[in-house]
Amino acid sequence: MPTYKIAVLPGDGIGQEVTPEAVRVLQRVGKRAGVAFEFENALIGGSAIDATGQPLPPETLTLCRGADAILFGAVGGPKWDNLPQEQRAERGLLALRKELDLYANLRPAMCFPTLVDASPLKRSVVEGTDLMVIRELTGGLYFGEPRGRESFADGGERAVNTMVYTTREIERVARVGFEVARKRRRRLASVDKSNVLVVSQLWREVVTRLGKEYPDVALEHVLVDNCAMALVHKPTSFDTIVTENTFGDILSDEAAILAGSMGMLPSASLGPASANGRNVGLYEPVHGTAPDIAGKGMANPLAAILSAALLLRYSLNMSEAAGRIEAAVQRVLDQGRRTADIARGGDKVLGTREMGDHVVRELEV
Ligand code: NAD
């Protein structure tokens, strides 16, 4: 029986409550799919600072490097907010992304039919939305050199950031775009600002060239301003979107509101393919540690559970098992099961564990 090693990093706050539900779901589908998972927990973020003084202890990094995939919760909270920048809980996640060279961030935005009315957009606009935003995560404006501020003698200042991309950086994230599109509806929108930025012109050229290797994927180029409009005007026109770091940061948040609640949004961050051809990947809900509800057992575990589905699809190539989790979540929602964040007046409100129970039960059907 194939055995996969999963590093489990619950982190802080509700990360510690929702991650165990995702683990239970993986255990359940693993049994059915004939694979075994070895789960090993490690500390990260504030809980790691409390125990070891560091947000990313070396043992945690070693465990992650040796794992087939990483299941992550969330890090941070008021307790650690006043520490110096380098020792903040959030540094644990940033350092892990950097160490593992996680360069492609995948954020699906799906509007579940039963939650259409939780979206701030009209039903007629949002119904049927099922898209994936892939954001380049390690280059571009956020990391480019030169950067900094300089003062002028007249008291004025100048500040500089630089948007830089190499052919290799564009190609590797675009390849993820094509591969992901292949596992979806085979349509890829590459988003840039090539009417103004030379970096975007290079981006467009490289993506077009790579597209020749993927004749089965329909590629279109979209300007970022048009994309921002289309996402709230006609979100159903998109399948897979790939774009650079800054554009992706903004567009993925815009796409997130289509789904209705933070508690429903999974994500994946992929690194380079390893010798066995699989991508090292970190899978986490988009939400944070939710200090306002932490410890109360009321957090929605569905984003964490849907992140486990992404782990199966993108790190272990187990698309069928991933689809079974997504279908189980869909059925649980169709049955009217709701945690507080997605409940409406009159709904019975479930806790984290109870919601996990329902998904596990649906997987047994
Ligand atoms: P948050 O996502 O933690 O919470 C925002 C709001 O959404 C809160 O009202 C919260 O109760 C609600 N919410 C979030 N997830 C939910 C869930 N699963 N079920 C029900 N309700 C949910 O964002 P924030 O309040 O801006 O940040 C809180 C802390 O989390 C901060 O320390 C921040 O730095 C950290 N954070 C960490 C990550 C990460 O680890 N990737 C991401 C974002 C924020």
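Ligands are counted one by one from 1 in listed order, and the atoms in each one are counted from 1 as well.
The shortest separation from a heavy atom of Val75 to ligand 1 is under 4.0 Å, placing the residue in contact. Residue contacts with ligand 1 include Ala299, since one of its heavy atoms falls under 4.0 Å from the ligand.
Residues Glu38 and Lys5 are not paired through a salt bridge, judged by the lack of any N-O separation under 4.0 Å between the basic side chain and the carboxylate. With salt bridges taken as basic N to acidic carboxylate O contacts below 4.0 Å, one links Arg24 and Glu21.
For Asp216, the CG atom sits in a packed shell: over 12 heavy atoms of surrounding residues, nucleotides or ligands are nearer than 6.0 Å. Enclosure of atom NZ in Lys234 is not indicated, since only 12 or fewer non-hydrogen atoms of other residues, nucleotides or ligands lie within 6.0 angstrom. Open room surrounds CD on Glu320; 12 or fewer heavy atoms of other groups in view lie less than 6.0 Å from it.
The part of Asp341 lying near ligand 1 is the side chain, judged by heavy-atom distances below 4.0 Å. With a heavy-atom cut-off of 4.0 Å, Met298 does not touch ligand 1 at all. Only the side chain of Ile14 comes within 4.0 Å of ligand 1, counting heavy atoms alone; its backbone N, CA, C and O stay farther away. Looking at Val18 against ligand 1, nothing comes within 4.0 Å, counting heavy atoms.
Residues Cys64 and Ile70 approach most closely at CB-CD1, 3.7 Å, considering heavy atoms.
In this structure, atom 2 (O) of ligand 1 has a protein heavy-atom contact shorter than 4.0 Å. For atom 6 (C) of ligand 1, the nearest protein heavy atom lies 4.0 Å away or farther. Not a single protein heavy atom sits closer than 4.0 Å to atom 27 (O) of ligand 1.
Using a 4.0 Å cut-off to heavy atoms of Gly76, the atoms of ligand 1 that qualify are 32 (O). The atoms of ligand 1 that sit less than 4.0 Å from any heavy atom of Ala74 are 40 (O). Residue Glu284 approaches ligand 1 through these ligand atoms, each under 4.0 Å from one of its heavy atoms: 41 (N).
With atom 21 (N) of ligand 1 as the reference point, the heavy atom nearest to it among Ile342, Asn300, Ile293 is part of Ile293. For atom 23 (O) of ligand 1, the choice among Pro291, Gly263, Gly288, Gly15 with the nearest heavy atom turns out to be Gly288.
Cluster annotation: Val18 is not connected to Ile342 through the hydrophobic network of ILVMFWY side chains, with a link wherever side-chain heavy atoms come within less than 4.5 Å.
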